[in-house]
Every structure is written in C-alpha cells, then in structure tokens.
Enquirer: 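Structure below; questions to follow.
Because the structure is predicted, anything quoted here is derived from the model rather than measured.
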Amino acid sequence: MLIVLPSIISAIGVAFVVVGVVVNQEIIRAVFLSVGLLLLWLDVFLTMALMRRALRTIDRRLRRIEARLGSGDD
C-alpha cells in the first residue's frame, strides 16, 4: 500500500498532463495541466511523508532491539 498509492496518484497526474497537452481547447488545457501538475506534486509530498513514517518505524524498532541487547559498552 505504501508504494501503490503514490504510483496511482502519479499515473493519474501524468494522464492529466498528457490530456492537457493533446487537447486543443484553452480552458480544458489549463485545467488539465493544473490538476495534473498538482497531482504530481502531491505524489512527491505523499511519497516523502510515507518514507518518513517508514524510517521512523525502523528507527523505533532499532531502538527497541538496542535496548534489549544493551549498549555493549560495559
């Protein structure tokens, strides 16, 4: 799920950008390009947030393991 959601958002964003470039009407072009680029930026921020969450989870697990094993400096 962590990889699928940003990929879907990115694919929809790319599709909107492509439609915006291909369509020959100004209003539709502007709307589709704006929405497509917004979705691509949303993909970047969502990916960063998910990565941050995953790294924090890994960091918590490592702290628990280190606490169980002791510091090793004794």
Enquirer: Working to the nearest 0.5 angstrom, can you tell me the gap between M51 CE and L55 CG?
Expert: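 Reported to 0.5 Å precision, the distance equals 5.0 Å.
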
Enquirer: Would you please name every residue forming a side-chain contact (heavy atoms from CB on, under 4.5 Å) with I8, sequence neighbours left out?
Expert: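 I8 satisfies side-chain contact (heavy atoms from CB on, under 4.5 Å) with V4, I12 once adjacent residues are dropped.
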
Enquirer: Does Q25 have any side-chain contact (heavy atoms from CB on, under 4.5 Å) partners at least two apart in sequence or in another chain, and if so, which?
Expert: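 In terms of side-chain contact (heavy atoms from CB on, under 4.5 Å), with neighbours along the sequence ignored, Q25 is linked to V23, I28.
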
Enquirer: So which pairs with a foot in residues 36-55 pass ring-ring contact (aromatic ring centres under 6.0 Å, His included), sequence neighbours left out?
Expert: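 As it turns out, the ring-ring contact (aromatic ring centres under 6.0 Å, His included) pairs with a partner in residues 36-55, which skip direct neighbours, are W41-F45.
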
Enquirer: Let me confirm one number: the CD1-CG distance from I9 to D43, rounded to the nearest 0.5 Å.
Expert: 6.5 Å

Enquirer: Quick one: name the residues clustered hydrophobically with V17, using the 4.5 Å side-chain heavy-atom rule over I, L, V, M, F, W, Y, and just say none if it's on its own.
Expert: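 Members other than V17 - counting any ILVMFWY side chain reachable under 4.5 Å - are V14, V18, V21, V22, L33, L37, L40.
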
Enquirer: Could you pull out all residues at least two apart from S10 that satisfy side chain to side chain donor-acceptor pair (under 3.5 Å)?
Expert: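 Side chain to side chain donor-acceptor pair (under 3.5 Å) check on S10 returns nothing, list empty.
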
Enquirer: The criterion is side chain to side chain donor-acceptor pair (under 3.5 Å); which residues satisfy it with R63, sequence neighbours excluded?
Expert: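 Per chain and number, R63 pairs via side chain to side chain donor-acceptor pair (under 3.5 Å) with D59.
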
Enquirer: When you compare the side chain of R29 with that of N24, does any pair of heavy atoms fall below 4.5 Å?
Expert: yes

Enquirer: For I27, is the CD1 atom crowded, meaning more than 12 foreign heavy atoms sit under 6.0 Å from it?
Expert: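 Counting neighbours around CD1 of I27, 12 or fewer heavy atoms of other residues, nucleotides or ligands fall under 6.0 Å, so no.
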
Enquirer: Does R52 have any side-chain contact (heavy atoms from CB on, under 4.5 Å) partners at least two apart in sequence or in another chain, and if so, which?
Expert: R56

